[in-house]
Amino acid sequence: MGVRIQSLTKAFGELRAIDDLSTGFQTGKISVLLGASGCGKTTTLRCIAGLEQPDSGEILIDDEPVYASARRIDLAPEQRRLGMVFQSYAIWPHLTVAENVGLPLKAQKVAKAEIERRVKDTLAIVGLAQHADKSATKLSGGQQQRVSIARCLVGDPRLILMDEPLSNLDARLRVEMRHEIRQIQRRTGATILFVTHDQEEAMSLGDEIFLFNKGKVVQNGAPEELYFRPSVRYVAEFLGKANLFPVSVRGGAESGLVTARPSGQVIAQLPGSSQAAGEMLCMVRPESWRVSPAGGPGLPGRVQETTFVGDRRELRVETPIGEQTVVTAGFERFEVGEGLSLTVAPEHAHLLRDAA
Ligand SMILES: Nc1ncnc2c1ncn2[C@@H]1O[C@H](COP(=O)(O)OP(=O)(O)OP(=O)(O)O)[C@@H](O)[C@H]1O
Ligand SMILES: [Mg+2]
């Protein structure tokens with residue numbers, strides 16, 4: 001169910017925009033496609049929509065193949081029964097809000113009374129009921145984007161594709177619209193694929209995040225999964241700030257003891273049996289370092305810089321394992337040059353396989 005992609009490839013000349021991609025997006029969830037500019041997010045969406053023809057592979061929507069190179073299946077966009085919302089609102093200025101939303105139904109020659117009923121219901125879902133008869137251009141940016149979301153919902157698509165729909169809005173409205181989109185998803189049960197390169201937007205909106213790099217999915221999972229348990233360094237560094245340093249994990253009698261390389265500084269004692277021994281990379285998120293007075297147990301450090309950001313305070317702390325970024329509550333005070341100790345709970349010392 002949902003969307004399944006098998007061995008999908010799309011090249012532009014020498015460049016593989018999608019590189020042998022196999023993945024799946026669940027029904028009734030918001031799946032966020034996240035990644036740096038040029039990693040293939042838009043191309044993936046356009047292939048699913050039928051706006052771009054892949055070179056090979058398969059795309060199935062609700063188990064129906066809409067594209068399958070081996071079987072020569074390639075449905076036209078209008079046969080795929082999906083809706084799209086883009087960065088630009090594509091609103092008709094000479095039409096009212098209700099007329100804009102009703103356009104797809106009018107094109108399908110749906111009866112007038114039926115159009116009126118469905119437009120009314122859909123405008124209620126996106127919170128624009130009282131604006132139905134206004135000229136669409138009289139609305140704010142956020143409201144106009146809701147018109148384009150309503151126009152996409154009105155056709156009752158089985159799948160909604162959104163490509164950076166909030167990028168043109170100011171910061172405050174963007175945050176508001178994230179909640180709106182979540183609410184709309186809950187009310188309609190729609191399956192949504194949402195493209196962004198904004199990691200905060202991805203984490204606050206996604207039921208599942210798919211982090212892309214060079215036309216492939218590097219890791220997918222719940223936002224917490226990617227943030228706290230990244231599988232590789234690329235994911236750790238893409239989402240939020242990560243302190244990364246090389247460590248050795250002991251086996252045998254000292255099983256699970258994590259020490260920094262080369263200093264030998266003890267970082268954590270993990271539950272022994274669950275850990276493979278060897279040389280690994282350790283990730284500690286800035287808010288996972290616990291700060292205690294100098295001379296206590298843990299990693300000795302000295303404050304190099306403090307930045308007050310209101311709800312939190314960011315510290316740069318020099319330690320024997322390199323400079324660490326530490327985040328504390330905003331009301332906690334630190335002076336530059338002050339000594340302190342850093343410790344981390346075993347569950348927040350995350351080990352990665354790839355070499356430093
Ligand atoms: N029509 C095209 N012709 C040639 N190259 C293209 C075309 N469309 C996309 N590309 C290239 O394919 C790669 C993937 O592009 P795509 O638009 O999918 O990236 P994206 O992840 O959406 O990036 P952004 O975050 O900047 O929107 C890029 O290197 C891009 O330059
Ligand atoms: Mg794009």
Side-chain angles (χ1 to χ4, degrees), residues 3-25 30-59 61 66-67 69 74 76-77 80 82-90 141 144-145 148-149 152 157 159-171 173-175 177-178 181 191-206 208-221 223 226-227 230-240:
V3 181
R4 260 197 302 143
I5 292 179
Q6 308 266 21
S7 310
L8 196 72
T9 295
K10 171 70 186 174
F12 296 105
E14 292 289 286
L15 179 98
R16 286 189 166 216
I18 305 177
D19 189 6
D20 194 20
L21 175 69
S22 294
T23 192
F25 307 106
I30 302 182
S31 296
V32 173
L33 285 65
L34 174 70
S37 184
C39 70
K41 307 178 296 292
T42 295
T43 306
T44 303
L45 227 55
R46 287 174 57 82
C47 286
I48 295 170
L51 300 173
E52 197 82 72
Q53 189 180 34
D55 300 326
S56 60
E58 279 187 27
I59 302 170
I61 303 178
V66 295
Y67 174 80
S69 54
D74 188 9
R80 299 191 181 195
L82 40 83
M84 292 196 79
V85 182
F86 299 99
Q87 193 171 333
S88 60
Y89 319 130
Q144 291 194 22
Q145 190 55 294
S148 55
I149 293 171
C152 154
L159 176 65
I160 298 173
L161 309 177
M162 297 184 162
D163 196 353
E164 312 221 15
L166 309 182
S167 312
N168 280 349
L169 307 178
D170 67 52
L173 200 53
R174 279 182 82 135
V175 175
M177 285 300 291
R178 285 179 203 162
I181 289 174
T191 303
I192 297 179
L193 304 194
F194 187 103
V195 164
T196 182
H197 57 255
D198 178 332
Q199 38 144 331
E200 204 181 289
E201 192 165 283
M203 288 196 276
S204 56
L205 199 54
E208 189 168 355
I209 295 178
F210 295 74
L211 183 58
F212 277 67
N213 187 28
K214 297 184 179 148
K216 284 186 194 299
V217 173
V218 191
Q219 188 180 359
N220 61 284
L226 266 70
Y227 184 79
S231 57
V232 291
R233 183 178 197 136
Y234 185 82
V235 180
E237 290 183 324
F238 195 91
L239 286 179

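Positions are given from 1 along the sequence. Just follow the structure's listing: the first ligand is 1, and inside any ligand the first atom is 1.
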Under the rule for side chain to side chain contact (heavy atoms under 4.5 Å, CB included), what residues qualify as partners of S148, not counting sequence neighbours? V85, Y89, Q145, R151
Heavy atoms only: give me the nearest S56-S69 pair and the separation to one decimal. CA-OG, 3.5 Å
Enumerate the atoms of ligand 1 whose separation from the nearest heavy atom of A17 is less than 4.0 angstrom. 12 (O), 13 (C), 14 (C)
Give the residue and atom name of whichever protein heavy atom lies nearest to atom 1 (N) of ligand 1, and the separation in Å to one decimal. F12 CE2, 3.6 Å
Could you tell me whether atom 24 (P) of ligand 1 has at least one protein heavy atom nearer than 4.0 Å? yes
So which atom in I61 and which in R80 form the shortest heavy-atom distance, rounded to 0.1 Å? CD1-O, 4.4 Å
Could you pull out the N/O/S protein atoms under 2.8 Å of the Mg ion (ligand 2), ignoring any water? T42 OG1
Between L226 and G221, what is the shortest heavy-atom contact and its length? CD1-N, 3.3 Å
Contact between C39 and ligand 1, counting heavy atoms under 4.0 Å? yes
Which residue holds the protein heavy atom closest to atom 31 (O) of ligand 1, what is that atom called, and what is the gap in Å? L15 CD2, 4.7 Å
E164: heavy atom below 4.0 Å from ligand 1, yes or no? yes
Compare T42, L33, L34 and give the one whose heavy atom is closest to atom 27 (O) of ligand 1. T42
For atom 14 (C) of ligand 1, what is the closest protein heavy atom, and at what distance to 0.1 Å? G38 O, 3.4 Å
Pull out every atom of ligand 1 sitting under 4.0 Å from any heavy atom of H197, numbered as shown with elements. 25 (O)
Considering only non-hydrogen protein atoms, determine which one is nearest to atom 26 (O) of ligand 1 and report residue, atom name and distance to 0.1 Å. S37 OG, 2.5 Å
Suppose we measure from atom 15 (O) of ligand 1 to each protein heavy atom; which comes out shortest, and what is that distance? T43 OG1, 3.6 Å
Per-atom contacts, ligand 1 versus G40 - under 4.0 Å to a heavy atom: 14 (C), 18 (O), 19 (O), 20 (P), 21 (O)
Under 4.0 Å between a Lys/Arg side-chain N and an Asp/Glu carboxylate O for E200 and R174? no
Measure across Y67 and G57 and return the closest heavy-atom pair with its distance rounded to 0.1 Å. CE2-O, 3.3 Å
